[in-house]
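Notes follow the structure.
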Amino acid sequence: MKKIATALSVVLLAATPFASQATPDDDLKAFRSYFTKKFPEVPMSDFVNGVYAIDAAAREQWEAFEEFPSYEIAIDNGKDKFGKKFANGKGYADCFPNYKKGIKQNYPYFDTDSGKIVTLEGAINKCRTDNGEKPLKWKKGAITEIGAYLASLSRGHKINVKVPNDAGAIAAYNRGKKHFYAKRGQLNMACADCHYYYSGSMIRADILSPALGHPSGFPVYRNKWAGMGTIHRRYGGCNKQVRAKPFKAQSDEYKALEYFETYMSNGLEINGPSQRK
Amino acid sequence: MRLTAHILTTTASIAALVGCLGFAPTIASADTTADLEKGKALAFNRKKGNCLACHQIEGGKLAGNIGPPLVAMKARFPDYGKLRAQIYDARKNNPNTIMIPFGPHAVMSDGEIDLVAKYIHTL
């Protein structure tokens, strides 16, 4: 009897991630153990490599790309842009005093004063507007170059995103979690359908990457884009695939989604920027 | 050849069904070769069924493996109505399914779903 009851509650729990009063930490543990069971042969540290962690055939080609990566020039351009002073004589380094030590692993974070999630791109543009400069476009171009440079300085640092004990922070986290599991679009699919439940399966000729580790490699140089893009650019593409109206890059919705996905990837190393097909 | 045999049996069974119901067996049944071709085209079309995204189907390239291969459909779905219902709205059988609710979300019209389902039933 008890056995049946436990089995039942496990089924319920698995089917509805919201039924329980799960804390972010509970979620993280469940998320991780799901993927380690699903891909027992993949070392935890390899989940930062997206689909290439599980697709042996594509991995070779990818490794060849990574020998002479297309994002290298983005890092160089980003370094130049980062070093340039604003009209008022200040520079990015004044906004990011610890940038040399690597800061990307701490983003996004929840700012309890403003009640908002701060992404690295958001902080880059805030630095600009605080200093009287125009903000950069959000999805590609200069912002990804500066982002690539900052990511490169963070390589090897473990993602360390916190959900403070604050009603606003928990609400933001839950908003991202909800987006991840909710069906959307005319085709009625959730992020979780493709990157959780069916990760490792083939959709047409593509293997679906596990969501664990998704943010670690961004910004990415994507062959399909013939250029760099932020993770919000990618979110928009994945929303469109299911014929859902994408949200704006840096909307509260995508910031929350990035917050959730990055929290789930805590402890994995930043290895951005990276190359994707 | 195989196709013709299928059409023959299907047409025959539909005729029998229609006969049972007491209607005159009109030849307006949907199972003409042309209709089966239309059903196949809809099933393979990326903007319509795009079934190959998730299912292997004979003659289809670059098929995914999220769902089971669509083979031996008559054996698995002796009841055509059940097959059509699965394609119309897979959520009836599995509320959390990844399969697209083609009917309720108007990804295909009722007529298109009929054509796809008739074709799939021949596999």
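Proteins come first, then strands; the chains are lettered A, B, ... in the order of their sequence lines, and each starts at number 1. We use all heavy atoms of the structure for the numbers below, so side chains are in, but hydrogens, waters and symmetry mates are not.
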Query - Option in B:Gly64, B:Ala106, B:Pro95, B:Gly67 with maximal non-hydrogen atom pairs under 4.5 Å from chain A - result: B:Gly64

Query raised in the report: So what's closer than 4.5 Å to chain A heavy atoms on B:Arg91: side chain, backbone, both or neither?
Result: side chain

Requested in this report: Give a yes or no on whether A:Gln61 atom CD has more than 12 heavy-atom contacts from other residues, nucleotides or ligands under 6.0 Å away.
Outcome: no

Query raised in the report: What heavy-atom pair brings B:Asn96 and A:Asp193 nearest, and what distance separates the two atoms?
Result: O-OD1, 4.3 Å

Query raised in the report: Does B:His105 use its side chain to pair, donor to acceptor, with the backbone of A:Leu187 at less than 3.5 Å?
Result: no

Report task. Tell me, for B:Ala53 versus chain A, whether the close heavy atoms (under 4.5 Å) come from the side chain, the backbone, both or neither. Result -> both

Query raised in the report: Given the options B:Leu52, B:Leu62, B:Ile66, B:Val107, which has more heavy-atom pairs under 4.5 Å with chain A than any of the others?
Result: B:Ile66

Query raised in the report: What is the minimum heavy-atom distance between B:Thr97 and A:Lys183, and which atoms define it?
Result: O-NZ, 2.6 Å

Requested in this report: List the steps and the verdict of side chain to side chain contact (heavy atoms under 4.5 Å, CB included) for A:Met189 and B:Ile100.
Outcome: CA-CA 8 Å; A:Met189 288 182 209; B:Ile100 299 160; 3.7 Å; yes

Query raised in the report: Of all of B:Pro101, B:Cys54, B:Pro104, which one pairs up most often with chain A through heavy atoms under 4.5 Å apart?
Result: B:Pro101

Query raised in the report: Do other residues, nucleotides or ligands put more than 12 heavy atoms under 6.0 Å from the CD atom of A:Glu60?
Result: no

Query raised in the report: Around atom CG of A:Asn165, are there more than 12 heavy atoms of other residues, nucleotides or ligands at under 6.0 Å?
Result: no

Query raised in the report: Considering only heavy atoms, which portion of A:Leu208 lies under 4.5 Å from any heavy atom of chain B: side chain, backbone, both, or neither?
Result: side chain

Query raised in the report: If every non-hydrogen atom of A:Arg243 is compared with every non-hydrogen atom of B:Lys47, which pair is closest and at what distance?
Result: NH2-O, 3.2 Å

Query raised in the report: Counting only heavy atoms not in A:Lys140, do more than 12 sit closer than 6.0 Å to its NZ atom?
Result: no

Report summary line: Separation between CD1 (B:Ile98) and OH (A:Tyr197), nearest 0.5 Å, reads 10.5 Å

